[in-house]
Amino acid sequence: MVLLRLRITILIVPFLFSSIVSSYLLSDNKKWCSQTPNPKPCKYHLTKNAFNETIKNKTDFLKVTIQLALDQAQKGKENIHSFDPKFRNSQERAAWTNCLELYEDTIDMLNKTINPKKRFTQIDAQTWLSTALTNLETCKDVLIDHGVSDYVLPLFSTNVTEFISNALSLNKVPYQQQSYKGGFPTWVKPIDRRLLKSSSSASKANVVVAKDGSGKYTTVKEAIDAAPKSSSGRYIIHVKAGTYNEQIVIKTKNIMLVGDGIGKTIITASKSAAGGSSIIDGATVGVDAPGFIAERITFRNAAGAAGKQAVALRSASDHSVFYNCGFEGYQDTLFVQSGRQFYEKCDIYGTVDFIFGNAAAVFQDCNIYARNGPQNTVVVTAHGGTDPNQHTGIIIHKSKITGAPGFNSKNVKSYLGRPWKQYSKTVVMKTFLDSFLNPEGWTVWDGNFGLDTLQYAEYGNKGPGSSTKNRVKWKNYKVITSASEAEQFTVENFIEGNSWLPATGVDFTSGL
């Protein structure tokens with residue numbers, strides 16, 4: 001009997017010791033969760049996954065958090081794959097397909113931050129995490145647009161948004177630390193560095209598109225579909241003058257489209273919300289791959305003012321550039337969906353929310369034209385930030401906001417922006433504002449939604465509509481008076497422009 005008790009004690013003590021150590025580790029690891037915006041799912045999944053090592057520092061905890069987000073995103077994708085309902089119409093199936101692609105991109109973004117193939121900056125990581133979260137919100141928007149969110153969304157539910165939000169909080173970078181002094185990205189070949197500074201970009205084209213048959217292809221889509229998928233260099237497609245009635249989605253990186261001029265080379269289609277299309281599948285041109293450049297092309301949605309939301313161009317391309325391009329539409333003309341984007345010397349036409357999305361986008365030396373529409377309202381921007389730590393925002397710098405030819409401002413209420421999502425961020429600086437702008441400057445989305453969490457600012461604007469005397473009195477609207485404060489919204493600091501824009505050859509102002 002004594003021997004039996006001894007054996008039982010020997011067996012029990014290691015078990016108790018292991019349990020005590022495991023409990024201590026979990027308790028210690030859970031303390032990290034208390035520092036995040038969403039501690040509850042963090043603690044639950046740390047317990048569920050039974051991590052056997054103490055999380056020693058913030059960097060380790062960030063990696064664990066991103067891994068948990070990745071696990072949940074993969075689970076969400078599996079849920080989508082397994083969901084095969086009897087769709088009531090083709091629009092519902094399109095929305096389902098959009099969500100599947102958005103989840104796949106979220107998984108790619110998370111993988112880039114946790115399993116990197118090359119060096120990246122802290123701001124790169126914040127951009128990719130921001131895109132990952134934006135994708136999930138866009139999926140929700142598409143489902144709502146098509147009226148299927150009530151029975152589809154619950155099946156996609158995981159904790160992925162909470163974990164991405166936690167990662168954004170852990171990885172956030174103070175603006176004063178964002179300046180980058182690096183060189184050209186490794187994928188850039190020397191010949192690419194002066195593409196846009198040269199008037200002969202078209203002469204360097206790999207292929208030519210021409211409606212009259214004088215090129216290799218007669219449609220833009222054919223040329224894009226034939227582009228090499230694994231090339232590390234720039235692939236240039238010259239699109240000769242003409243109107244190309246086609247809808248295009250670009251999924252190959254480093255594509256460059258070169259036209260013959262604004263209003264000369266035109267890509268146009270007419271899908272819209274009124275016709276049953278979402279902001280994803282209704283865009284005339286959609287870009288879902290990094291490093292896209294467009295030069296001297298007009299992107300048009302011809303649905304007209306009656307089409308409601310009708311996107312001319314949708315860009316989810318990180319490090320994308322649009323130089324000397326036109327964007328023509330009415331409501332929701334230009335969807336700056338995600339990633340770091342730069343627009344130089346572009347003409348943008350619209351009525352309501354005609355520059356919208358959740359990218360980190362800078363517009364410089366652009367002409368932004370208000371049009372008349374059925375709402376008798378003009379709202380230039382509708383930024384869609386959903387998390388306070390997302391590296392996103394719409395910046396309008398050294399540009400001009402005025403009426404399009406024939407614009408009648410009588411009885412039209414015109415504003416710089418409104419908060420599409422809770423953490424909307426828009427800054428207008430050193431820009432000419434025409435007289436038709438409402439003295440309040442900014443307007444609401446729905447009651448008080450987002451007014452305490454948005455970030456709107458103006459700095460050094462000019463013109464008859466630039467007076468800030470009667471601007472809105474919202475908590476987070478601000479008139480910036482300090483140049484050093486305004487610097488955080490420049491090309492150099494807001495989109496790390498000095499690290500990648502020189503390689504494209506585009507002219508840009510780095511600072512104020």
Side-chain angles (χ1 to χ4, degrees), residues 37-38 102 130-150 153-154 156-157 161-162 164-166 168-169 172 273 278-280 308-309 311 330-338 350-361 370 373-396 412-428 437-458 468 470-479 489:
N38 303 288
L102 288 163
S130 298
T131 298
L133 189 58
T134 297
N135 288 338
L136 304 181
E137 188 67 25
T138 304
C139 167
K140 186 190 301 182
D141 290 334
V142 168
L143 294 175
I144 291 171
D145 286 347
H146 288 306
V148 296
S149 59
D150 54 341
L153 265 180
F156 295 172
S157 297
T161 56
E162 288 90 345
I164 296 174
S165 181
N166 286 352
L168 284 165
S169 176
K172 64 183 176 183
S278 73
I279 55 176
I280 295 288
K308 298 182 180 179
Q309 296 96 330
V311 179
Y330 288 83
Q331 184 173 349
D332 290 8
T333 302
L334 177 55
F335 185 10
V336 291
Q337 185 177 341
S338 60
T351 54
V352 176
D353 307 336
F354 61 100
I355 302 173
F356 76 107
N358 196 27
Q375 304 98 325
N376 281 331
T377 301
V378 168
V379 184
V380 176
T381 68
H383 179 250
T386 60
D387 187 281
N389 297 307
Q390 281 182 309
H391 189 70
T392 63
I394 294 173
I395 313 299
I396 298 174
V412 177
K413 294 182 178 180
S414 302
Y415 305 93
L416 294 172
R418 61 175 181 161
W420 179 30
K421 304 290 183 181
Q422 188 173 1
Y423 293 96
S424 185
K425 180 189 296 180
T426 303
V427 180
V428 181
L437 187 69
N438 189 287
E440 291 188 337
W442 309 79
T443 189
V444 301
W445 183 272
D446 183 16
N448 293 324
F449 173 76
L451 299 190
D452 288 340
T453 48
L454 59 76
Q455 185 178 352
Y456 286 170
E458 295 179 59
T468 57
N470 296 310
R471 288 294 195 253
V472 291
K473 307 302 180 185
W474 302 338
K475 175 182 176 182
N476 288 325
Y477 164 75
K478 185 174 186 179
V479 178
F489 303 110

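For the numbers below, each heavy atom of this structure counts, side chains included, while hydrogens, waters and symmetry mates do not. The first residue of the sequence shown is numbered 1, and numbering continues consecutively from there.
With sequence neighbours excluded, the residues forming a salt bridge (Lys or Arg N to Asp or Glu O under 4.0 Å) with Lys478 are Glu485, listed by chain and number. Annotation: side-chain contact (heavy atoms from CB on, under 4.5 Å) contacts of Thr453 (sequence neighbours excluded): Gln422, Tyr423. Leu437 meets the side-chain contact (heavy atoms from CB on, under 4.5 Å) test with Leu416, Leu433, Arg471; sequence neighbours excluded. With sequence neighbours left out, Glu137 forms a salt bridge (Lys or Arg N to Asp or Glu O under 4.0 Å) with Lys140, Lys421. With sequence neighbours excluded, the residues that form a side-chain contact (heavy atoms from CB on, under 4.5 Å) with Asp145 are Ser278, Ile279.
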Throw together a table of side-chain donor-acceptor distances under 3.5 angstrom for residues 351-359, partners on residues two or more places apart or in other chains.
{"residue": "Thr351", "atom": "OG1", "partner": "Tyr330", "partner atom": "O", "Å": "3.4"}
{"residue": "Thr351", "atom": "OG1", "partner": "Gln331", "partner atom": "N", "Å": "3.3"}
{"residue": "Asp353", "atom": "OD1", "partner": "Arg418", "partner atom": "NE", "Å": "2.9"}
{"residue": "Asp353", "atom": "OD2", "partner": "Arg418", "partner atom": "NE", "Å": "3.4"}
{"residue": "Asp353", "atom": "OD2", "partner": "Arg418", "partner atom": "NH2", "Å": "2.7"}
{"residue": "Asn358", "atom": "OD1", "partner": "His383", "partner atom": "NE2", "Å": "2.9"}
{"residue": "Asn358", "atom": "OD1", "partner": "Gly385", "partner atom": "N", "Å": "3.4"}
{"residue": "Asn358", "atom": "OD1", "partner": "Thr392", "partner atom": "OG1", "Å": "2.8"}
{"residue": "Asn358", "atom": "ND2", "partner": "Thr134", "partner atom": "OG1", "Å": "2.7"}
{"residue": "Asn358", "atom": "ND2", "partner": "Gln390", "partner atom": "OE1", "Å": "3.1"}

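Looking at heavy atoms from C-beta onward, Val472 lies out of side-chain contact with Tyr415 at the 4.5 angstrom threshold. Looking at heavy atoms from C-beta onward, Asn438 lies out of side-chain contact with Thr443 at the 4.5 angstrom threshold. The shortest side-chain heavy-atom distance between Trp442 and Leu451 does not fall under the 4.5 Å cut-off. Residues Pro37 and Asn166 are in side-chain contact: their nearest non-hydrogen atoms beyond the backbone lie under 4.5 Å apart. Annotation: side chain of Gln337 is in contact with side chain of Asn135 (closest heavy-atom distance under 4.5 Å).
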CA sep, side-chain torsions, deciding dist, call: Val444, Trp474, side chain to side chain contact (heavy atoms under 4.5 Å, CB included)
CA-CA 10 Å; Val444 301; Trp474 302 338; 3.9 Å; yes
Trace of the side chain to side chain contact (heavy atoms under 4.5 Å, CB included) decision for Ile280 with Phe335:
CA-CA 9 Å; Ile280 295 288; Phe335 185 10; 4.3 Å; yes
Derivation of the side chain to side chain contact (heavy atoms under 4.5 Å, CB included) call for Leu102 and Leu136
CA-CA 7 Å; Leu102 288 163; Leu136 304 181; over 6 Å; no
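The two residues Asp387 and Ser165 come nearest to each other via the heavy atoms OD2-OG, 2.5 Å. Pairing each heavy atom of Ile164 with each of Ala132, the nearest pair is CD1-CB, 3.9 Å. Taking every heavy atom of both residues into account, Tyr456 and Pro419 meet most closely at OH-N, 3.0 Å.
Atom CD1 of Ile396 is separated from atom OG1 of Thr426 by 7.5 Å, given to the nearest 0.5 angstrom. Separation of atoms OG1 (Thr381) and NZ (Lys425) is listed at 13.5 Å; rounding is to 0.5 Å. Distance check: Trp420 CH2 to Ile394 CD1 gives 9.5 Å after rounding to the nearest 0.5 Å.
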